[in-house]
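To start, the structure under review is shown below, and the notes come after it.
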Amino acid sequence: MNKLPIITLDGPAGVGKSTLAKRVAKILKIPYLDTGAMFRTVAMRLGPGAEKLASPDLLARCMDFRFRLKGTGEDTILLCNEIPIGREIRTEYVGQLAARLATVTTVREYLKGAQRKLGESTSLVVEGRDMGTVIFPGARFKFFLDASPDVRALRRFRELEARGEQADLAQLTEMILRRDHLDRSRPVAPLCPADDAVIIDTSNLDIDGVLKAILEVVSSPQEGIDAAIHDPETSILQLADKPQKEVKPRESTAECTVHGDNFSHLKADGSLRMVDVAEKTVSDRVAMARAVVEVNRETLNMLQARALPKGDVLVTAQVAGIMAAKRTSELIPLCHSVPLTFVDIRFKVEDCPPRISIESETRTNARTGVEMEALVAVQVAAATLYDMCKAIQRDIVIRDVRLVFKSGGRSGTFDLRDTEEQA
Ligand code: DC
């Protein structure tokens, strides 16, 4: 637990974190830290491709960047090597460079040290992607702000329009989706809410509405920051003497609790029920599943030569997998019908041993996940491979069907892809 109150605001690109961090910092008379600006500065100065540098070189280059905060409230200035960071980092191009560099552990570790140091001697409103989960896990107040990509893109569109700048809504949505994917799917410190974060869906709130929601938590009588908000003479630093309190953890809404009586697919009398997901937050969700189809050498050769009697096996299996993903809710009894935004089926044809590895990927922006869609897709693609090859080999084996990745939703990210590849 940090000695001085730290308030973390995490969330995806374009959700309004920077504006809110400034407003909260102004009210509390404390500095704010935009950690995205740190990633952007390093990415811009190192240039494209920096993520490919060898780790010791990259660390040596990172160590050239020294960060310091000056001032408080909206007048807080972030300096890099004593020079204030300016608007030059605020382009989408630099944002994408930063998102790529942010996947590298060396860079994250270096900036983790710098970010923690900045929060060591002062109260801070700090915004980013992993503030509540990794950088300040003991923070007194944690918020996770969310909104659908469409809403975020529309806000950005209106902002640009108001400034008289030209904008293309479809392109803005595409950029937001690309950045979300990078931020949420990276194996190291991916964007996800901390277990004890207060999640605020900002889709139907303006900045004042979100600010009000944050201040309600921060100034609740039992939390003890009300004096600082209501009495401008009170210094927030005095609050450090008050006992630190945990933010009440969110209730667990895991879909299926596997202990006690809490199987959420079962009612008290043991009959079935579909989980009502209306209260869940809409978020970007991704799932990936894999399966392996073991064939003999002759089948593999014919498949590679496209000489199988039924035609192009992989194309047919790919289409079958995509179509199956879309029908999952009709096949799995308690599965919700989810608006899929993307389905892909990928193949790896391996010579030794002869086999075809299949990977499915499903995506949505919804209140519930798409793991079942990924699992159904990969299995139907595998069964289609069997169907296309069975005329020449009956004993084909389908094995190792499993989920290897999921992100989004309250349970956070699950990622077995690397361990699988090593297996
Ligand atoms: O918040 P922003 O758009 O300025 O951030 C730019 C990128 O930097 C973002 O896409 C991912 C990365 N980032 C991060 O990985 N962790 C943070 N705490 C802040 C930003």
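Just so you know, ligand 1 is whichever comes first in the structure, and atom 1 is the first atom listed for that ligand.
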Nearest neighbour in protein (non-hydrogen) for [atom]:
{"atom": "atom 3 (O) of ligand 1", "answer": "R179 NH1, 2.9 Å"}
{"atom": "atom 11 (C) of ligand 1", "answer": "D183 OD1, 3.2 Å"}
{"atom": "atom 8 (O) of ligand 1", "answer": "F39 CB, 3.6 Å"}

Task: Sequence-distant partners of D146, side-chain hydrogen bond (donor to acceptor under 3.5 Å, both in side chains), two or more places apart - done: none

TODO: Step by step, work out the side-chain contact (heavy atoms from CB on, under 4.5 Å) result for L78 and M38.
DONE: CA-CA 9 Å; L78 178 60; M38 299 170 86; 3.9 Å; yes

Open item on the list: Using only atom types and a distance under 3.5 Å, with no angle test, would you say the side chain of T35 pairs donor to acceptor with the backbone of E127?
Closed with: yes

Open item on the list: For the backbone of D195 and the side chain of K142, can you confirm whether one donor and one acceptor N or O come within less than 3.5 Å of each other?
Closed with: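 Such a contact is absent between K142 side chain and D195 backbone.
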
Check each atom of ligand 1 against the heavy atoms of [X] and keep those under 4.0 Å away; list them by number with element.
{"X": "R108", "value": "14 (C), 15 (O), 16 (N)"}
{"X": "A102", "value": "12 (C), 15 (O)"}
{"X": "R40", "value": "2 (P), 3 (O), 4 (O), 6 (C)"}
{"X": "M131", "value": "18 (N)"}
{"X": "T35", "value": "17 (C), 18 (N), 19 (C)"}

Task: Heavy-atom proximity to atom 9 (C) of ligand 1, best of R129, R178, R90, M38 - done: R129

Task: Residues R363, D344; criterion salt bridge (charged side-chain N to carboxylate O under 4.0 Å, His left out); working and verdict - done: CA-CA 9 Å; R363 294 191 210 156; D344 192 22; over 6 Å; no

Open item on the list: Does only the side chain of K112 get under 4.0 Å from ligand 1, or the backbone, or both, or neither? Count heavy atoms.
Closed with: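 Under 4.0 Å from ligand 1, K112 contributes no heavy atoms.
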
TODO: Would you mind reporting whether N365 and P149 have side-chain heavy atoms less than 4.5 Å apart?
DONE: yes

Open item on the list: Among residues at least two apart in sequence or on other chains, which ones pass side-chain contact (heavy atoms from CB on, under 4.5 Å) with T91?
Closed with: Y93, V94

Open item on the list: Do the side chains of R158 and E161 get close enough for a salt bridge, i.e. N-O under 4.0 angstrom?
Closed with: no

Open item on the list: Geometry only, no angles: is D34 polar-contacting ligand 1 at N/O separations under 3.5 Å?
Closed with: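 No; the residue has no nitrogen or oxygen that sits under 3.5 Å from a nitrogen or oxygen of the ligand.
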
Open item on the list: So for Q115, does at least one of its heavy atoms come nearer than 4.0 angstrom to any atom of ligand 1?
Closed with: no

